[in-house]
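Predicted, not measured: the structure shown is a model, and the values here were computed from it. Letters go in sequence order (proteins before strands), and every chain restarts at 1.
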Amino acid sequence: MADERQIAEDELQPAPVIAPGYTFGTVTDQIASVVLTRRTPVFWIACFAGGFSLLLLFLWAVALLFAKGVGIWGIMIPVGWGFAITNFVWWIGIGHAGTLISAILLLLNQTWRNSINRFAEAMTLFAVACAGMFPLLHMGRPWLFYWMFPYPNTMGVQPQFRSPLVWDVFAVSTYATVSLLFWYVGLMPDLATLRDRAPNRWARATYGIMAMGWRGSAKHWQNHEMASLLLAGLATPLVLSVHTVVSFDFTVAIVPGWHSTFFPPYFVAGAIYSGFAMVLVLAIPLRRVYGLQGLITDKHLENSAKVMLATGLIVGYAYILETFTAWYSGNVYENAAIWHRMTGPYAGAYWFLIACNIVAPQALWFKKMRSTPVLLFIASLVVLVGMWLERFVIIVSSLAQDYLVSSWRVFHPTRWDWATYVGTIGLFTFLFFLFIRLLPMISIFEVRTLLPQAKVEEEAK
Amino acid sequence: MMKPPIYGVMAEFDNPTSLVNAAREARERGYRKLDAYSPFPIEALTEALHLPKSKLPLIVLIGGILGGLTGYLMQYYVTVIYFPINIAGRPLHSWPMYIVITFELTILFAAISAVFGLLAVCGLPMPYHPAFNVKRFERASRNSFFLCIEAADPLFDRKGTEDFLESLDAREVCEVAH
């Protein structure tokens, strides 16, 4: 009888997010050991070296850009935005999944997020750092970037606050700051763990300074919980606003193919889509190399795949609606913009992105696909490529062929366009693997709360 | 006032339930200057220790309001007073265009006050705290749970408090030096 009830309960209970058998001690040791060990896996060295080489390529491309100016890129009139803004939108979109996982899923009480939120937030920070590079480098005179901020100056001029480009400056810098603060607040208790477990003086002092004297007192935790909740509540509208403001850069302009009211939700869905793809691209190899399958379980991969499928369908709907609106508007320029996309010089990129973003992800309907990490990894890469192409097609094809036929020109990226883009992938990899080696990639204290032992039993007394 | 010879007495527990029970019992005994340490947040502990409500929401609200005002007034000052640009006679005070930056600065100021408020309310950064004088306290960030009754408590009695903590299913009880 008791057995039957047990079986019934087991079936009713959802699969555990953390593999059984863990204790507070083993969770702590396993996650901290990645940082506190002297051994560095070959995988880490290989990825770090790859990232570092590409970072050097980036520095080379940027040095040349500083010396010669933006003429080394393929941009011209009418395609003034080219790769730089494509990459900016792509990177910042990738960052959005980190905030979604850390803030929105916290507010929705989705505890499974606890073992992936830390590295997803790190991904956000580094993606925003990469994104920020592009508008800066694209400015022509990047060393004068501070002209974008309102400060008392001898020139007697001020930024135009009615321009979405100025809104972008505020949105992206706020996003970067808030992401960093949120990440740090989450790290504090884990830095204290590393301080208490570090084998040598130097590491103990460094982690100790960063932990600021955290000692896990009830008062600390009470306020820490409150701060996390408040920051999550602030980050949620923020993350939705950031890509909305990014989409305003396009919608406020009157360029056909850009001037559309449904860009904000379309961009936000696309951002989360590509961000979850990046989460999977990072999580799948990491959990295998570091043997973290017990903490980042198949359930995490499956849930992320489901989010990807859902947002992918929203993006698919947006493509259909974009085409429909162009036709239904009866506006010849809108019609022509979509027609050029489908059949013009960028038709190849357009149909390839449809294949990557709409057709390929339909495979995620199958459970077999969602539960096979290798296939999921490939699907995520396909989505990342597709989302990059989407940004490219929206920006470049709309600019290349606008109202005046005599000014039409086709954009050709130069090798320095590619070097800068691939270089930021290097910057991202470099920063991300430094993070993996120096800070706990899974939130230790939040995983502890997932263990069954963490429950306070209703005492009889 | 004379400084007591030790900071307090600390008991170590193996699981969160014993810690919450011990905290509740110490509170019932009349101890008021006590603190509990755990490797993760325990909701029941806040209630057992009768901690006052967190001040953070108020701090964040004030920060957010200040941020919103800063954003709006900055834009108003620049576009209407300092650097007015007449574009086809459109109104200078174009408030719908101010919304985005007002919103962003509200979030920014609120988030910054949440983090600095957290540090201030917790008294961090704190380079030294007597709790760390206990050798086993390093386990408070791993898998152990501690309850400390401070010597500053009026009911504190070096022997009596130690005996009381011993009676609470503690794994170990020890004194905390200053």
If you round to the nearest 0.5 Å, how far is [atom2] of [Y] from [atom1] of [X]?
X        : Y        : atom1 : atom2 : value
A:Arg448 : B:Phe40  : CZ    : CZ    : 8.0 Å
A:Trp214 : B:Leu124 : CH2   : CG    : 7.0 Å
A:Phe170 : B:Ile101 : CZ    : CD1   : 4.5 Å
A:Arg162 : B:Gln75  : CZ    : CD    : 9.5 Å

Report the option among [options] that has the most heavy-atom pairs separated by less than 4.5 Å from atoms of chain A.
options                               : value
B:Tyr128, B:Phe137, B:Tyr98, B:Phe132 : B:Phe132
B:Gly71, B:Ala111, B:Ala44            : B:Ala111
B:Ala131, B:Ser94, B:Ser141           : B:Ser141
B:Met97, B:Arg139, B:Lys55            : B:Met97

So which heavy atom on [X] is nearest to which on [Y], and how close?
X        : Y        : value
A:Phe445 : B:Pro39  : CB-O, 3.8 Å
A:Arg215 : B:Tyr37  : O-CD2, 3.2 Å
B:Pro16  : A:Ala454 : CG-O, 3.9 Å

Going by residue number, which parts of residues 22-30 of chain A are within reach of chain B, meaning a heavy-atom gap below 4.5 Å?
->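 The list, in residue order, reads A:Phe24, A:Gly25, A:Thr28, A:Asp29.
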Which atoms of [X] come close to chain A, meaning under 4.5 Å heavy atom to heavy atom: side chain ones, backbone ones, both, or neither?
X        : answer
B:Pro127 : neither
B:Phe145 : side chain
B:Phe146 : neither
B:Asn15  : neither
B:Leu147 : neither
B:Ser38  : both
B:Tyr82  : side chain

Within the distance-only criterion (no hydrogens, no angle test), does the side chain of A:Gln222 pair as donor or acceptor with the backbone N or O of B:Pro52 below 3.5 angstrom?
->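 Answer holds: yes.
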Chi angles and distances behind the side chain to side chain donor-acceptor pair (under 3.5 Å) call for A:Thr193, B:Arg142 = CA-CA 7 Å; A:Thr193 299; B:Arg142 183 172 183 263; over 6 Å; no
Between [options], which residue shows the highest count of heavy-atom pairs closer than 4.5 Å to chain B?
options                                : value
A:Pro164, A:Pro150, A:Gly216, A:Ser173 : A:Gly216
A:Met188, A:His220, A:Gln160           : A:His220
A:Thr449, A:Leu194, A:Thr177, A:Leu181 : A:Leu181
A:Asp196, A:Leu238, A:Val185           : A:Asp196
A:Pro159, A:Ser241, A:Ser217, A:Gly213 : A:Ser217

Interface residues of residues 112-123 of chain B facing chain A - heavy atom cut-off under 4.5 Å |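 Heavy-atom contacts from residues 112-123 of chain B to chain A are B:Ile112, B:Ala114, B:Val115, B:Leu118, B:Leu119, B:Val121, B:Cys122.
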Which residues from residues 56-70 of chain B are near chain A, with near meaning under 4.5 Å between non-hydrogen atoms?
->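 Result: B:Leu56, B:Pro57, B:Val60.
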A:Ile254 atom CD1, over 12 foreign heavy atoms within 6.0 Å |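 No - once you tally the heavy atoms of other residues, nucleotides and ligands closer than 6.0 Å, there are 12 at most.
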Do other residues, nucleotides or ligands put more than 12 heavy atoms under 6.0 Å from B:Arg32 CZ?
->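 Yes, CZ of B:Arg32 has more than 12 neighbouring heavy atoms, counting only those of other groups under 6.0 Å.
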Checking [X] against chain B: side chain, backbone, both or neither under 4.5 Å from a heavy atom?
X        : result
A:Gln453 : backbone
A:Leu230 : side chain
A:Val157 : both

Are A:Val456 and B:Glu43 side-chain neighbours, meaning at least one heavy-atom pair lies under 4.5 Å?
->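 Result no, sub-4.5 Å side-chain heavy-atom pair not found.
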4.5 Å side-chain heavy-atom contact, B:Ile42 and A:Trp221 |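 They are not in side-chain contact.
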For B:Ser167, what residues pass the side chain to side chain donor-acceptor pair (under 3.5 Å) criterion, not counting sequence neighbours?
->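 Result, side chain to side chain donor-acceptor pair (under 3.5 Å) vs B:Ser167: none returned.
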